[in-house]
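Both counts, for ligands and for their atoms, begin at 1 and track the order of listing.
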Amino acid sequence: MTEYRPLRIALLGAGSVGAQVARLLTENKAELAARVGAELELVGIAVRDLNSPRAEGVPTELLTTDAQSLILGADIVIEVMGGIEPARTYILQALNSGSDVITANKALLATHGIELFDTAEQVGAQLYFEAAVAGAIPIIRPLRESLAGDKVTRIMGIVNGTTNYILDRMDSTGASFDEALAEAKELGYAEADPTADVEAYDAAQKAAILAYLGFHNEVPLENVYREGITKVTPEQIAAARRDGYVIKLLAIAESLPADENGPAGISVRVHPCLIERTHPLGSVRGAFNAVFVEAEAAGSLMFYGAGAGGVQTASAVLGDLVSAAKRHVAGGPGLADSVHANLPVLPIERVRTRYQITIEVKDQQGVLAAVANIFTQHGVSIETVEQTVARAQDGKRVSTATLEVGTHEATEAALAAVVDALAVSEVVEKITSVLRVEGI
Ligand code: HSE
């Protein structure tokens, strides 16, 4: 028996996530009511087109195109329609009318998050978004609540399943990027236009949200450095494997101390990089996601699971719904994020990491010294050098050597200067690969 009045739930969107939320809300009605202490009554599902085909389990009698009326009569609004508009307007309307809002909309949060959080705080409403990053994986609540008393120093995440699938196939089968992408499309991981995934726009949005929570700091999306995976070659993948590494697209947010180049701040970036195969993130296969968090007191934590999928993402939405509903029943103002840190989001040039650079050089006396000299001139210390010689068979042409140079930690600015100098050096024939090494 529940005593509190039924709570009116409005659902905006009936796509792959919305359909599963509607189904689970209907099928698990009694159990959810027992957990919350109030019935969760799905009062309507706003869609663009009433006649579009719907997944099984969607109560079609609840469909409406009048989202605004639905929002006005709701206690809790769930937005799973995606896109910036009209989702932004609907969420602002819901918050301003006192409803709590649950959203899975990473693009909206990454671009208009501060406006939405400020509005929620001003009116005393709650904005929940566990489903916006890494699908079913609980990562928002751990950062927002469990680690709220600790000091997060670094977050490294595989937050895009499509690109992890592609890189994993390249690693395990030797496929090219194009071949692995075609396979990802066939399996339904990659969209017909895969740009958002393979150029890392999707991962950059998620990185901005994770950094906002982890570092209590505003993170404008335009300050997130972004490189996609389209240029990763089978040769780079094979060399990584030979050296005990694997190439992953990582979203990294970390605090950087003040140094001779400027003040302390945070860096937020997404790019392919080498990570040791034995690192917990190195063993994340297929389309799975994982987020590795380092905090001062807690040490290292890893969150792993399905990063996408209708029913998996619906699990995160329903978790938020139970939290929001319990707050209604218990009363009180609930949770507000702190964005007190006011740290600058630093440019990529300030990042310090290790690098692996592969170059083809002329196999002549003095070449190794000339290359080493370029690194020294720009203050980049070499840790390892491996040389392989390809002998010219005709005795006329000069043989070439491949040099694989591993560096100690250096700044991006210094490394970029080394790469520029190598590119114009007489002894260098070609720069084959430049990759960051992360997870140390
Ligand atoms: N397209 C995303 C991915 C899922 O491949 O992980 C939604 O964020």
**OP:** Pull out every atom of ligand 1 sitting under 4.0 Å from any heavy atom of Asp202, numbered as shown with elements.
**Re:** 2 (C), 8 (O)
Original post:
Using heavy atoms and a threshold below 4.0 Å, how should the contact between Asp197 and ligand 1 be classified: side chain, backbone, both, or neither?
Top reply: side chain
Original post:
Looking only at distance, does Thr162 have an N or O less than 3.5 Å from an N or O of ligand 1?
Top reply: yes
Subject >> ligand 1 contact on Lys206 by region, counting heavy-atom pairs under 4.0 Å >> reply: side chain
Original post:
Do the side-chain N and O atoms of Tyr90 and Glu85 include a donor-acceptor pair separated by under 3.5 angstrom?
Top reply: no
Original post:
Is the Phe117 ring parallel, tilted or perpendicular to the Tyr212 ring (thresholds 30°, 60°)?
Top reply: parallel
**OP:** Check for a donor-acceptor pair, side chain of Thr163 on one end and backbone N or O of Asn160 on the other, with a separation under 3.5 Å.
**Re:** yes
**OP:** Report yes if some N/O of Asn289 lies less than 3.5 Å from some N/O of ligand 1; otherwise report no.
**Re:** no
Original post:
Tell me, do Ile45 and Pro59 make a side-chain contact under 4.5 Å, heavy atoms counted?
Top reply: yes
Original post:
Is Ser99 reaching over with its side chain to a backbone N or O of Leu95, donor-acceptor style, under 3.5 angstrom?
Top reply: no
Subject >> Basic-acidic side-chain contact under 4.0 Å: Arg352, Glu409 >> reply: yes
**OP:** List every atom of ligand 1 that sits less than 4.0 Å from any heavy atom of Lys106, numbering the atoms from 1 in the order shown and giving each element.
**Re:** 7 (C), 8 (O)
**OP:** May I ask you to list the atoms of ligand 1 that are less than 4.0 angstrom from any heavy atom of Ala308?
**Re:** 4 (C)
**OP:** Could you say whether the N/O atoms of Gly161 and ligand 1 ever approach to under 3.5 Å?
**Re:** yes
